[in-house]
> 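Quick one: this structure, given as structure tokens, is what I'll be asking you about.
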Amino acid sequence: MPELPEVETIKNDLLPHVVGRSFAEVVVASPEVVKAPSPEEFRRGLRGQRIRGLRRRGKYLIFDLHSGDAFIVHLKMTGALLINFCPDGYRAYFRLDHGTELAFTDRRKLGGLWLVPDAEIIVGKLGPEPLEAGFTVQALADMLGQRSAPIKALLLDQSFLAGLGNMYADEALFAARIHPLTPARDLTRARVDKLYGAIRSVLQAGIRSRGASVDTYRTPDGGQGMAHLAFKVAHMKGKPCPACGTPIERLALRGRGAYFCPKCQPPPAEVTKPQARNPKS
DNA sequence: CCCGGAACCTGAAGGC
DNA sequence: TGCCTTCAGGTTCCGG
């Protein structure tokens, strides 16, 4: 499940192979992965274009082209970009002018490819980058403001903050000792400070470990990341909390699994006693 | 504007 | 053994 550290790793690995190259051949094997324009316009429009740069924004991978167009990839859950290796069942295939081959694979076909005249059409609505200098602890405090949504729902909202996904959100909340259902506006400033540091440190650790290879995540050379080996709560239901030994619990939040330690991350008051709300009293 | 839930997609895993 | 349900979750859309 590529989140910020996984996409950052892929970007860094691909960078030396693609910058300055141009697309010599474009094959779309699964038309449904091309989101814009039409698959045929995409194929014709991308062919011949030269790559000026490659960057990451949130979980999007952006190939900036000399024409000003942008070729954008989102891997969603099961997508991968492989270099010089094209497995059966690939969704799209790209050959660059010096012979480098790129294959886009995506078992579940949730991922997407775009060719747009301006990258901002796709990434313009994303929130701030958590690892950039402009994202300060005061900025986070201001963003949380009077929001009543559960803190974890906000952390997963890409227009709120770009790049965190389910795994790293759970890890950051554990590191900051915050229950995932805590209303954002109920966080004390001390908690916001801890959360800010936790978000940045779990993402930086994830990048250093080349991402987390749960499910089908692969680096462009087909290798795996090691970040999941350091996870403390994500996907650890029933396993002992590394801090206190209490079994990790899972609750459903917005259709996602939220993993947390019930002792280290005590629930907010309203969640503790839902049955106290009795109309007949 | 804000919030929550469903849908999309496919394969693995668990329960009975 | 086999069938059924649940889980996995990034994003978008819809309804209150």
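Letters A, B, ... are given to chains in the order of the sequence lines, protein chains preceding strands, and every chain is numbered from 1.
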> How many Å lie between CG on A/Leu75 and P on C/dG9, as a whole number?
16 Å

> Do you know which of A/Tyr93, A/Phe42, A/Phe71 makes ring pair (Phe, Tyr, Trp, His ring centres under 6.0 Å) with A/Phe23?
A/Phe71

> With distance as the sole criterion, do the side chain of A/Arg256 and the base of C/dG10 form a donor-acceptor contact below 3.5 Å?
yes

> Measure the distance from OH on A/Tyr60 to P on C/dT12 and round it to the nearest whole Å.
4 Å

> Could you state the CD1-P distance from A/Ile121 to C/dT12, rounded to the nearest angstrom?
14 Å

> CE of A/Met77 versus C1' of B/dA12: gap in Å, rounded?
12 Å

> Go nucleotide by nucleotide along DNA chain C from the 5' end; which of A/Trp114 and A/Gly255 gets its closest nucleotide reached first?
A/Gly255

> Is there a donor-acceptor pair under 3.5 Å between the side chain of A/Arg50 and the backbone N or O of A/Gly20?
yes

> Taking A/Gly206's backbone N and O only, do any of them form a donor-acceptor pair with A/Ser209's side chain (distance below 3.5 Å, no angle check)?
no

> Whole angstroms only, please: what is the CD1-P distance between A/Ile72 and C/dG10?
19 Å

> Which residue lies toward the 5' end of DNA chain B, A/Leu110 or A/Arg147, if each is placed at its nearest nucleotide?
A/Arg147

> What is the distance, to the nearest angstrom, from the NZ atom on A/Lys152 to the C1' atom on B/dC3?
17 Å

> To the nearest Å, how far apart are A/Leu156 CG and B/dG5 C1'?
15 Å

> So which of A/Val28, A/Val26, A/Val27 actually passes side-chain contact (heavy atoms from CB on, under 4.5 Å) with A/Phe94?
A/Val26

> Can you tell me if A/Glu101 uses its side chain to pair, donor with acceptor, with the backbone of A/Phe85 under 3.5 Å?
no

> Could you check how far CG of A/Leu251 sits from P of C/dT6, rounded to whole Å?
17 Å

> If only side-chain N and O atoms of A/Lys35 are considered, is one of them under 4.0 Å from the OP1 or OP2 phosphate oxygen of C/dT11?
no

> Between A/Thr78 and B/dT10, does any side-chain N or O lie under 4.0 Å from OP1 or OP2?
no

> Can you identify which nucleotide, out of C/dG10, B/dC9, B/dG4, has its nearest atom closest to the A/Arg108 side chain?
B/dC9

> Measuring from the side chain of A/Lys109 (C-beta onward, heavy atoms only), which nucleotide among C/dT11, B/dC9, B/dG4 has the closest atom?
B/dC9

> Out of C/dT12, C/dG10, B/dG5, which has the shortest distance to the side chain of A/Lys125?
C/dT12

> As a test of reading the structure: which of C/dG9, C/dT11, B/dT10 is closest to the side chain of A/Asn166, going by heavy atoms?
C/dG9

> Identify which nucleotide among B/dG4, C/dG10, C/dG9 has an atom closest to any side-chain atom of A/Met167, counting heavy atoms from C-beta outward.
C/dG9

> Among C/dG9, B/dC3, C/dG10, which nucleotide has an atom closest to any side-chain atom of A/His235?
C/dG9

